[in-house]
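These numbers come from a predicted model, not from an experiment. Each chain gets a letter, A, B and so on, in the order its sequence line appears, and its residues count up from 1.
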Amino acid sequence: MRTVFCGELGLKHVGERVTVCGWVNRRRDHGGVIFIDLRDRSGILQLVFHPDAGREAFRIADSLRSEFVIRASGTLVKRPEGRVNPKLSTGEVELAVDDLTVLNPAKTPPFDLAERVTDVDESLRLKYRFLDLRRPEMQRNIIVRYKATKAVRDFLDSEGFLEIETPMLTRSTPEGARDYVVPSRLEKGRFWALPQSPQLFKQLLMVAGFERYFQIARCFRDEDLRADRQPDFTQIDIEMSFVTQEDVLKTVEGMMAYIYKAALGKTIQTPFPRLTYQEAISSYGSDKPDLRFDMKIVELTESLRGAGFKAFDAGAERGGIYGFVIPGGALFSRSRIDGIVELAKQHGIITAWFAFRSEGIVSPVAKFLAPSRLNLLKEACGAKEGDLLLVTAGSKQSSLTGLGALRLELGKTLGMVREDLFKFCWVVDFPLFEYSEEEKRLVAMHHPFTSPKEEDLPLIEERPEAVRAICYDLVLNGVELGSGSIRIHRRDVQEKVFKVLGLGPEEAKEKFGFLLDAFEYGAPPHGGIALGLDRLVMLMVGATTIRDVIAFPKTASGSDPLTGAPATLSEERLKELGLRLDIQ
RNA sequence: GGAGGCGUGGUGUAGCGGUUUAGCAUACAUGCCUGUCACGCAUGAGAUCGCGGGUUCGAAUCCCGUCGCCUCCGCCA
């Protein structure tokens, strides 16, 4: 039907007779000559219609409208002098059409596809997703996604991994996200669950001796949505036997470099910097630090302790004194600084500020501190003349997370974040357990099969909260791309962890019995990672939401305007499933 | 579960208590135009201002409720 794609044509094809197919992107009718920008997946080509080149074709061209599907044949010609369009990759040529067929007319689209309008109401875009996806930006997103996915397969294949599918219908497991549930028709009153991740299956595959597994795995979590969270999403799921943390990190670093090269042609630096969990929290107030800019948090407790300023002394007593330096901030206007203080308040921290100006140190609290203290402070925070220091005092956790959130927001609003950078890092040595306020007990920070660090094992009974896990997160530009761990493969260690989690032998058997059984038949040491493919691609294409890299995503309230899902079921269907509705 | 923002012709928006017959841009329709590329010019059609209730002599505008969309907190091992 076609001989060539629009975007492939250039000067070297001049003089050739070609046939192209696609959609009318734009029509420019000059009366005596008509121009059509024809769009297909590969790009845009200008068609030109002269009445003398083909009277019938010209007559049909007059009737063309946006998004009509057409086929056009003619001779590719070099554009006249001064008529080149540098904005088009095909801008040096055009197709002089003598034969035109309308393959399908189209209704006027509900929004403009030709312009780069991301400002169209998103639910309208989703309702007409098949049109939204025609837009070149969206096509590129989906294409980059495919290339990245293919790169994953190519790389892991070359490293000896096997892609193995695991069930979508499986059983609900305790801990973690709420799972989506599917009623069983054959066994009424019983329910399947869709996997939050293939975690247990991939571990079983290690026991089964496959040694290196991966899967582009769809996962389901029935939790509230966000710009970077959808109910169903895709993980690059990896598991390896007879490996240490180091082996997993190296593999992932190699894979990331390969993906960026293959999908974007970009080179990224490996190995990625590593921070311990403690370092990440104390320097960036976050376990997913954005390393595209500096502005590290510094502890100032010792510099300000006993300085005689009540707020600081009380803060030092409750936790500590922390702050960070905004380079060049000393020259900010008073109202701008007040705005920053207000912003800090929204993040739950009360801040004092110190402007290190050429004429001296300016601060609303300077009068409470001796000049020697102020100089000590300047030295301790590493500020130069012209910088602004923000300080807060109080509990360590809320101070650091508050400063971390403030740092991130200021980094963006002050233009310190370079959008074209890709700054990967590993965060390692996470705590094995964290305290759950809701459940009033320790829960697994990663998951219950995460191995403690060997050297911390003696602490597990006395001080479980101090035990570090062999667990690692991959972070890119402040976004958590994924996390993984080396798993427990020894029965005695697993039992100790379950004990801390409050899982008795009976309960553990009931919930994870199949995995524990398997572990008794020769489980190799193993570990792995799961990476969010949607988030990775989002960052690769510069999108601000994963919805823009998913062909058919859901709205923030978890519905799909295109299909109208979720939908109701008929009485008959409910009855067949043994279900009765009880809703207000 | 909570907080905030938005909702006005197809689309994007202005108007925020009365000279508004709801403005503008774009899309759409008709006509003119032989070198445009966000073509241009002219004419025209197109909106009970998300929905429901209230306040008022008067509501797109103020209040309450509700629905939808977006962002964030909680939640997401």
> Would one find more than 12 heavy atoms of other residues, nucleotides or ligands at under 6.0 Å from atom NZ of A:Lys107?
Replying inline: no
> In the structure shown, which nucleotide is the Watson-Crick or G-U wobble counterpart of B:rG23, with both distances under 3.5 Å?
Replying inline: B:rU13
>> Using atom C1' in both nucleotides, what's the gap between B:rU30 and B:rC72 to the nearest angstrom?
In response: 50 Å
> In Watson-Crick or G-U wobble terms, both distances under 3.5 Å, what is the partner of B:rU56?
Replying inline: none
>> Taking B:rC64 as the reference, what is the distance to B:rG5 when you measure between their P atoms (whole Å, please)?
In response: 12 Å
> What's the CG-P distance between A:Asp534 and B:rC76, to the nearest Å?
Replying inline: 19 Å
> Paired with B:rG68: which nucleotide, if any, by Watson-Crick or G-U wobble criteria at under 3.5 Å for both distances?
Replying inline: B:rC6
> A:Asp121 has an atom CG; how far is it from atom C1' of B:rG50, in whole Å?
Replying inline: 11 Å
> If we call it a pair only when both distances are under 3.5 Å in a Watson-Crick or G-U wobble match, what pairs with B:rU43?
Replying inline: B:rA29
> Do the side chains of A:Ile550 and A:Phe233 get nearer than 4.5 Å, heavy atoms only?
Replying inline: no
> Taking CG from A:Leu225 and C1' from B:rG68, how many angstroms apart are they, rounded to a whole number?
Replying inline: 15 Å
>> Taking 4.0 Å as the cut-off, does a side-chain nitrogen or oxygen of A:Ser557 come that near to OP1 or OP2 on B:rC69?
In response: yes
>> What is the separation between atom CG on A:Leu124 and atom P on B:rC70, rounded to the nearest whole Å?
In response: 12 Å
> Whole-Å distance between B:rC37 P and A:Ile36 CD1?
Replying inline: 15 Å
>> Please report the interatomic distance CG(A:Leu432) to CG(A:Asp456), rounded to the nearest 0.5 Å.
In response: 9.0 Å
> What is the distance, rounded to the nearest whole Å, between atom CG of A:Asp132 and atom P of B:rG12?
Replying inline: 12 Å
>> Under 3.5 Å for both donor-acceptor distances, Watson-Crick or wobble: does B:rG74 have a partner, and if so which one?
In response: none
> Quick one: the side chain of A:Arg229 and the base of B:rC76, do they pair up donor-acceptor inside 3.5 Å?
Replying inline: yes
> How far, in whole Å, is B:rA59 from B:rA22 if one measures between their C1' atoms?
Replying inline: 13 Å
> Reckon A:Ser483 touches a base, only the sugar-phosphate, or nothing at all at heavy-atom distances under 4.0 Å?
Replying inline: nothing
> For A:Arg441, does the CZ atom have more than 12 heavy-atom neighbours from other residues, nucleotides or ligands under 6.0 Å away?
Replying inline: yes
> Roughly how far apart, to the nearest Å, are B:rC70 and B:rC37 at atom P?
Replying inline: 37 Å
>> Checking contacts here: which listed nucleotide (B:rC76, B:rC69, B:rA38) is nearest the side-chain heavy atoms of A:Arg26?
In response: B:rA38
> P atom, B:rU26 versus B:rG40: distance in rounded Å?
Replying inline: 7 Å
> Can you tell which of B:rA38, B:rU71, B:rC37 lies closest to the side chain of A:Thr545?
Replying inline: B:rU71
>> Using a heavy-atom cut-off of 4.0 Å across all strands, would you classify A:Thr450 as base, sugar-phosphate, or nothing?
In response: nothing
>> So if I take every side-chain heavy atom of A:Arg547 and compare against B:rG1, B:rC70, B:rC76, which nucleotide ends up nearest?
In response: B:rC70
> For atom C1', what is the distance between B:rU20 and B:rG58, given to the nearest Å?
Replying inline: 14 Å
>> Which nucleotide, if any, forms a Watson-Crick or G-U wobble pair with B:rU34, using both distances under 3.5 Å?
In response: none
>> Taking the P atom in each of B:rU8 and B:rC62, what is the distance between them to the nearest angstrom?
In response: 15 Å
> For the side chain of A:Glu122, counting heavy atoms from C-beta on, which of B:rG74, B:rC70, B:rC28 is nearest?
Replying inline: B:rC70
> According to a strict under-4.0 Å criterion, is A:Arg27 in side-chain N/O contact with OP1 or OP2 of B:rU36?
Replying inline: no
> Quick one: on RNA chain B, does A:Ser197 or A:Arg226 contact a more 5' nucleotide (nearest heavy atom)?
Replying inline: A:Arg226
> Given the C1' atoms of B:rC51 and B:rG68, what is the spacing between them in whole Å?
Replying inline: 10 Å
>> Is it the case that the base of B:rG74 and the side chain of A:Asp224 share a donor-acceptor contact (distance under 3.5 Å, atom types as modelled)?
In response: yes
> Between B:rC69 and A:Ser559, is there an OP1 or OP2 to side-chain N/O distance shorter than 4.0 Å?
Replying inline: yes
> With both distances under 3.5 Å as the test, what is the Watson-Crick or G-U wobble partner of B:rU61?
Replying inline: none
> Checking all strands, does A:Gln196 fall into the base, sugar-phosphate, or nothing category for heavy-atom contacts under 4.0 angstrom?
Replying inline: nothing
> Can you tell me how far P of B:rG4 sits from CD of A:Glu342, to the nearest Å?
Replying inline: 15 Å
>> Does A:Lys453 have more than 12 heavy atoms from other residues, nucleotides or ligands lying within 6.0 Å of its NZ?
In response: yes
> Using the benzene-type ring in the case of Trp, are the ring centres of A:Phe58 and A:His50 under 6.0 Å apart?
Replying inline: no
> Within the pair A:Thr555 and B:rC69, is there a side-chain N or O less than 4.0 Å away from OP1 or OP2?
Replying inline: yes
> Would A:Phe430 and A:Tyr472 count as a close aromatic pair, with their ring centres under 6.0 Å?
Replying inline: no
Which atom pairs link the protein and nucleotides 33-35 of chain B when you take only N or O atoms and keep those under 3.5 Å?
residue	atom	partner	partner atom	Å
B:rC33	N3	A:Asp29	O	3.1
B:rC33	N3	A:Gly31	N	3.4
B:rC33	N4	A:Asp29	O	3.4
B:rC33	N4	A:Asp29	OD1	3.3
B:rC33	N4	A:Gly31	N	3.4
B:rU34	OP2	A:Gly32	N	3.1
B:rG35	O2'	A:Arg83	NE	2.4
B:rG35	O2'	A:Arg83	NH1	3.3
B:rG35	O2'	A:Arg83	NH2	2.9
B:rG35	O6	A:His50	NE2	2.7
B:rG35	N1	A:Glu94	OE2	2.8
B:rG35	N2	A:Glu94	OE1	2.6
B:rG35	N2	A:Glu94	OE2	2.9

>> Could you tell me how far apart A:Glu67 (CD) and B:rC28 (C1') are, to the nearest whole angstrom?
In response: 15 Å
> How many angstroms lie between atom CG of A:Asn25 and atom OG of A:Ser66, to the nearest 0.5 angstrom?
Replying inline: 7.5 Å
>> I want to check one thing: is the phosphate of B:rA38, taken as OP1 and OP2, less than 4.0 Å away from some side-chain N or O of A:Lys87?
In response: yes
>> Is the ring pair A:Phe130/A:Tyr128 parallel, tilted or perpendicular, if the boundaries are 30 and 60 degrees?
In response: perpendicular
> Across the strands shown, which category fits A:Ile34 at heavy-atom distances under 4.0 angstrom: base, sugar-phosphate, nothing?
Replying inline: nothing
> Of the candidate nucleotides B:rC37, B:rC76, B:rA27, which contains the atom at the shortest distance from the side chain of A:Asp37?
Replying inline: B:rC37
> So which of A:Gln196, A:Gln235, A:Met168 actually passes side chain to side chain contact (heavy atoms under 4.5 Å, CB included) with A:Cys219?
Replying inline: A:Gln235
> Are any of A:Arg28's side-chain N or O atoms less than 4.0 Å away from OP1 or OP2 of B:rC39?
Replying inline: yes
> CZ of A:Arg65 to CD1 of A:Ile36: how many Å apart, nearest 0.5 Å?
Replying inline: 9.0 Å
